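Submitted below is the structure of interest, expressed as structure tokens.
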Amino acid sequence: MSERRKPYPFDQLEPKWQTLWDERRAFRAPNPGEPDFDSTKPKFYVLDMFPYPSGAGLHVGHPEGYTATDIIARYKRLRGCNVLHPMGWDAFGLPAEQYAIKTGQHPSITTRDNVAKFKTQLKRIGFSYDWEREISTADPKYFRWTQWIFLQIYNSWFNPETRRAEPITSYTGDDPDSVRLAYVAEVAVNWCPELGTVLANEEVIDGKSEVGSFPVVKRPMRQWILRITAFAERLIDELEPLDWPTGIKLLQRNWIGRSEGAEVNFAAGVDDSSDNVTVFTTRPDTLYGATYMVLAPENPLVERLTTAEQRPAVEQYRQQIAAKSDLERTDLAKEKSGIFTGGFAMNPVNGERIPIWIADYVLMSYGTGAIMAVPAHDERDFEFAQKFHLPIREVVAAAPRSSEGGEAPCSLPPLVCTTDDGFAVNSPLIDGLPTAAATSKMIEWLEQNAHGRRDVRYKLRDWLFSRQRYWGEPFPIVWRDGKHEALPESDLPLEPPPLDDFKPTGTGEPPLAKAKDWLRYSGAASRETNTMPQWAGSCWYYLRFCDPGNDERLVGEAAERYWMGGDQAGGVDLYIGGTEHAVLHLLYARFWHKVLFDLGHLSKTEPFQRLVNQGMILGEDGRKMSKRWGNVIDPLDVIALYGADAFRCYEMFMGPLEQMKPWSMKGVEGVSRFLARVWRLMMEENQAGDWILSDHLQEIALEKRQLRVMHATIKKVTEDIEALSFNTAISQMMVFVNEFTGAAARPVSALRTLLILLNPFAPHISSELWEALAQKFPGGEGDVTQQDWPEHDPAHLIEDEVEIIIQINGKLRDKIVVPLDIAEEDLKALALARPKVIELTAGKAIAKVVVVPKKLVNIVAR
RNA sequence: GCCGCUGUGGCGAAAUGGCAGACGCAACGGACUUAAAAUCCGUUGGGCUUAACGGCCCGUGCCGGUUCGAGUCCGGCCAGCGGUACCA
């Protein structure tokens, strides 16, 4: 295939400018205290979700968000901001370790190679990152502070009085280990045999691992856990004021899953009622309808509440459930199962004796692991009651009903179930009350009679924080006599041992246990062999970017105050990334941020002020890009054909940033044509085939029409960048170019304005053309990146005359051109006098005339 | 099941309640060229009508409502995508 002729010499000018930017450190962001720091400028922190450097390299999906942030970064610089725009690597993680197991190549080598590849790709797209701030989570200089933060968490507790994390020294109880924000517990965890590790709930999807889709089983193990549930309420409340997509906020809120209700105590037992079972319910108003009770099979109370007679059946059921994986348990969700324990509980509100069952539809991990079953008003209880012929009693009705001479106290099954609100019936204490009032009154009664209390529960569970992997941060913890203790800060960073054999042991013992020398700490003490999950590094990288070289602190105070603080809401001003991190990363990072804030290390309670999710880019065939379909596009291939500027502009021109959209090479070509037209506005080829400045360029005033287009373009591009509507900003610049392409004489000032507007989108071509113009015409000192962003003048947008549309009954019928300042009455008269209007309204009465100045006249005729 | 998002030309998409389809792709016609590519100029939602200028009707997933006027607001459906799933 013959060499395709380039529409303009991007293959030469793009590398030229990329080299120049590097040499001039053009996008370095000085920190407070540095000599070239300008404190008079406002700060702007614009951040990408940093990538995991996989072996496959970038595909065109990654740079979509990166291009958007780069446009913002370059735009904010032109508007006179100090811009923090960094990039780094989420370098710990499973794939590098899996690769190491397969090939024997150390994960650090794999990671280094992959980072190099990613960096080459990013640099070739011309992103204006401050590469002097590059960080890698696998770098000891970085994870030293990840480990340090873990120690802060370990050494704190959540004080319910102040609702804040506080140093563990402020805890006055007997057993500090029971309240630490990082604690060890033997819990049923998600064990993935294939990966040889436990996983967080968030990493398990439909009973399979998120990475690799391997089966996951429940298994009790001793694990490190972070007490994120202590922050559940704040994680919900403090989410509210953030400028995030409502969908993402909702997702987080649902994940945290706040439920308001009450705890109710039931006396319970086999013969007498010596025991006590507490349940959580969101519908205390239905207490009279509780006709039986269900415990989770794993609930320890089951032992004591089972009669000798029922014990064999109960044990059999419990074993049957325990043998099931989570997947099987949810698969069988449709058919209810359970067994009677033989025990009974006493309903505190009416003294009724109700049977206690166990069933796997009650989960040990939510609420108290026990429920009061109200079959008439809960779908699951209803289904269960029907299957096992348990009584169903209606206690909520659509309309109030007299308690006098009404239903029998324990009605026959109505065979219907409603979860809707209504009015209490068959409930002497609250009869006739609407659900909300009935609920409050019942809670009051429970509290007054010491049968229960108001309560709030969350779906969110504590964060399982340890992994049995090699390629992650070791815990800065040692064990002595079966007790954990923190390493001194001076021992940080604690690097993983240089292992050759990374394979999981298969027993659940972490690979680090194989490093016998490393394991020994001092005397009888030995190191913790678990490592942290991949999330750890990404929980705080945005903080490190503020001050990546600091050896004294995780981030210098002044740098943190400047970049993460500020008069306004503070934090990262704009954070762009994929929806896949809507709950996990964003929740974990917010949690750590709050702990560090409470402990006085940070300025603001929230890390990310404004969040935007870019949509996925599909292949040309409309399918998700994947090796399987062979529809993956490599940015470097696109750049080789059309250049980095065309690549960037196309990524933005495709459609709205947040929308999912398919790739189109033809589309890239169209945008490339646009850039070539910009080029030829100013350049032409001479006889020798060299590009020289065009003869059409002149230092002349703009025509009225040109002025209008130019100012309209300044206005639209500015507003659209602020709104992240990059596709329409580019459209407007195309309109500008179309307008000036036809002009025989092209005013230099207008072209310079265009180049500044275009610079954030297409930085290379705009830099080159700016430089070329400066060689012949005065007034273009400095690079285009050093100019001031233009302001539009509204005076140039106003026309003397305006076209008015004339509607009859809302339908367009005619148009007239009138002076801008015409009086409404005159406009109305003019419209009514139009021959067309007279014709179409003949024989009808004109009921009304709506006049919208500068827009339209609508004549209502009947 | 529940929650959320999205439905507009052949395609990607525009449109503070006020001319639906800006801008781009594709297609078609023209100029330039020996020719092609590239470039430049033009046409391009569908239908009917006119010799022509032009004119008329229909059209933003479906049904209804609010309004002088609805792609846009409200109510009810349908479809696609995403999340979640016994959370008491």
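Letters A, B, ... are given to chains in the order of the sequence lines, protein chains preceding strands, and every chain is numbered from 1. What you see is a predicted model; the values in this text were computed from it and never measured.
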Closest to the side chain of A:K661, out of B:G12, B:C19, B:C40, is B:G12
Can you check whether A:E240 reaches A:R253 side chain to side chain, under 4.5 Å on heavy atoms?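 Yes, side chains in contact.
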How would you label the contact of A:K716 with the nucleic acid (heavy atoms, under 4.0 Å): base, sugar-phosphate, or nothing?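 Nothing, no nucleic acid heavy atom in range.
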Residues two or more places apart in sequence or in another chain: which of them pass side chain to side chain contact (heavy atoms under 4.5 Å, CB included) with A:Q807? A:I805, A:L856, A:N858
Confirm from the modelled atom types if A:K459 and B:U84 form a donor-acceptor pair under 3.5 Å, side chain to base only. no
Among B:C56, B:A88, B:G18, which is the nearest nucleotide to the side chain of A:F280? B:A88
Gap between atoms OH and C1', on A:Y292 and B:A88 respectively (whole Å): 11 Å
What's the gap between B:A22 and B:G9 when it is taken at their P atoms, as a whole Å value?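 Result for the P pair: 14 Å, nearest Å.
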B:G45 and B:A38: how far apart are their P atoms, nearest whole angstrom?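 That atom pair is separated by 24 Å.
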Among side-chain atoms of A:D381 and A:Y361, is any donor-acceptor pair under 3.5 angstrom?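 There is such a pair between these side chains.
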B:G61 versus B:U67 - spacing of their C1' atoms, nearest Å: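 Straight-line distance between the two C1' atoms is 23 Å.
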C1' atom, B:A85 versus B:U16: distance in rounded Å?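 About 41 Å, rounded to a whole number of Å.
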Taking only side-chain N and O atoms of A:S259, does any of them lie within less than 4.0 angstrom of OP1 or OP2 on B:A88?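 Yes, A:S259 has a side-chain N/O under 4.0 Å of OP1/OP2 on B:A88.
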Between atom CH2 in A:W679 and atom C1' in B:U39, what is the gap in whole Å?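 In whole Å, B:U39 C1' and A:W679 CH2 are 17 Å from each other.
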Check the distance between B:A14's C1' and A:M733's CE and give it to me in whole angstrom.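 Answer to the nearest Å: 16 Å.
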When rounded to the nearest Å, what value does the distance between P atoms of B:C5 and B:U66 take? 26 Å
Of all residues at least two apart in sequence or in a different chain, which pass the side chain to side chain contact (heavy atoms under 4.5 Å, CB included) check with A:R708?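 With neighbours one apart ignored, the set is A:R705, A:E799.
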Heavy-atom check, side chain of A:P656 versus side chain of A:N727, under 4.5 Å: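 A:P656 vs A:N727: side chains touch.
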Of the listed nucleotides (B:A88, B:C81, B:C41), which one gets closest to any side-chain atom of A:D378? B:A88
In whole Å, measure the gap between the P atoms of B:G30 and B:A36 for me. 11 Å
Just by modelled atom types, is the A:V678 backbone N or O under 3.5 Å from a matching donor or acceptor in the A:Y8 side chain? no
Looking at residues at least two apart in the chain, or sitting in another chain, which of them share a side chain to side chain contact (heavy atoms under 4.5 Å, CB included) with A:P662? A:L618
Could you provide the dot-bracket string of RNA chain B, using ( ) for intrastrand pairs, [ ] for crossing pairs and | for bases paired to another strand, with Watson-Crick or G-U pairs below 3.5 Å? (((((((..(((.....[....))).(((((.......))))).(((((....)))))..(((((..]....))))))))))))....
Would you indicate what A:K811 reaches in the nucleic acid, counting non-hydrogen atoms under 4.0 angstrom: base, sugar-phosphate, or nothing?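 Since only primed, P, OP1 and OP2 atoms lie under 4.0 Å of A:K811, the category is sugar-phosphate.
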Cut-off 3.5 Å, side chains only: do A:N613 and A:T579 have a donor facing an acceptor? no
Look for any protein N or O under 3.5 Å of an N or O in nucleotides 2-11 of chain B and output each such pair with its distance, or none.
none

Using a heavy-atom cut-off of 4.0 Å across all strands, would you classify A:R813 as base, sugar-phosphate, or nothing?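 The answer is sugar-phosphate, as A:R813 gets under 4.0 Å only of primed atoms, P, OP1 or OP2.
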Of all residues at least two apart in sequence or in a different chain, which pass the side chain to side chain donor-acceptor pair (under 3.5 Å) check with A:R453? A:E263
Position toward the 5' end of RNA chain B (nearest nucleotide), A:R457 or A:M616: A:M616
Non-neighbouring partners of A:N299 that pass side chain to side chain donor-acceptor pair (under 3.5 Å), sequence neighbours left out: none
If I take atom CE in residue A:M660 and atom P in nucleotide B:G12, what distance separates them, rounded to the nearest angstrom? 14 Å
Expressed as a whole number of angstroms, how long is the span from A:I617:CD1 to B:G12:P? 15 Å
Within a strict 4.5 Å, meaning less than it, do heavy atoms of the A:E233 and A:Y458 side chains meet?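 Yes. Closest side-chain heavy atoms under 4.5 Å.
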Syn or anti for B:G21, taking syn as within 90° of 0? anti
Take the protein atom CZ of A:F736 and the nucleotide atom C1' of B:A22, then report the distance between them rounded to whole Å.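 Distance, rounded to whole Å: 18 Å.
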With A:T718 via side chain to side chain donor-acceptor pair (under 3.5 Å) - residues at least two apart: A:W789
Which nucleotide in the list B:C19, B:A14, B:A88 gets nearest to the side chain of A:T728? B:A14
Donor-acceptor under 3.5 Å (A:K459 side chain, A:N254 main chain):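 Yes.
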Using whole Å, what does the distance between atom P of nucleotide B:A85 and atom CG of A:L251 come to? 11 Å
In whole Å, what separates the P atom of B:G65 from that of B:A15? 29 Å
Look at A:R680 and B:C40 and indicate whether a side-chain polar atom (N or O) is within less than 4.0 Å of OP1 or OP2. yes
Backbone of A:A729 reached by a side-chain donor or acceptor of A:D720 within 3.5 Å: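 Such a contact is found between A:D720 side chain and A:A729 backbone.
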Just the atom pairs and distances: protein N or O near nucleotides 23-29 of chain B's N or O, under 3.5 Å.
| residue | atom | partner | partner atom | Å |
| --- | --- | --- | --- | --- |
| B:G24 | OP1 | A:N738 | ND2 | 3.2 |
| B:C25 | OP1 | A:R673 | NE | 3.0 |
| B:C25 | OP1 | A:R673 | NH2 | 2.9 |
| B:A26 | OP2 | A:R673 | NH2 | 3.2 |

Given atom CZ of A:F266 and atom P of B:A88, what is their separation to the nearest angstrom?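 Going from CZ in A:F266 over to P in B:A88 covers 16 Å.
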For A:R834, all residues meeting side chain to side chain contact (heavy atoms under 4.5 Å, CB included), sequence neighbours excluded: A:I806, A:D814, A:I816, A:V837
For nucleotides B:C28 and B:G10, find the distance between their C1' atoms and express it as a whole number of Å.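 13 Å, rounded to whole Å.
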Think A:N727 has a side-chain N or O under 4.0 angstrom from the OP1 or OP2 of B:G12?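 For B:G12, OP1/OP2 do not have a side-chain N/O of A:N727 under 4.0 Å.
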If I take atom CG from residue A:L295 and atom OG1 from residue A:T368, how far apart are they, to the nearest 0.5 angstrom? 8.5 Å
Which atom pairs, donor and acceptor, lie under 3.5 Å between side-chain atoms of residues 843-855 of chain A and protein residues at least two apart or in another chain?
none

Where along nucleotides 66-76 of chain B does protein come under 4.0 Å, by heavy atom, of base (B) or sugar-phosphate alone (S), with - for untouched nucleotides? --BS-------
5′-ward residue of the pair A:K836/A:G369 relative to RNA chain B: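 The residue whose closest nucleotide sits nearer the 5' end is A:K836.
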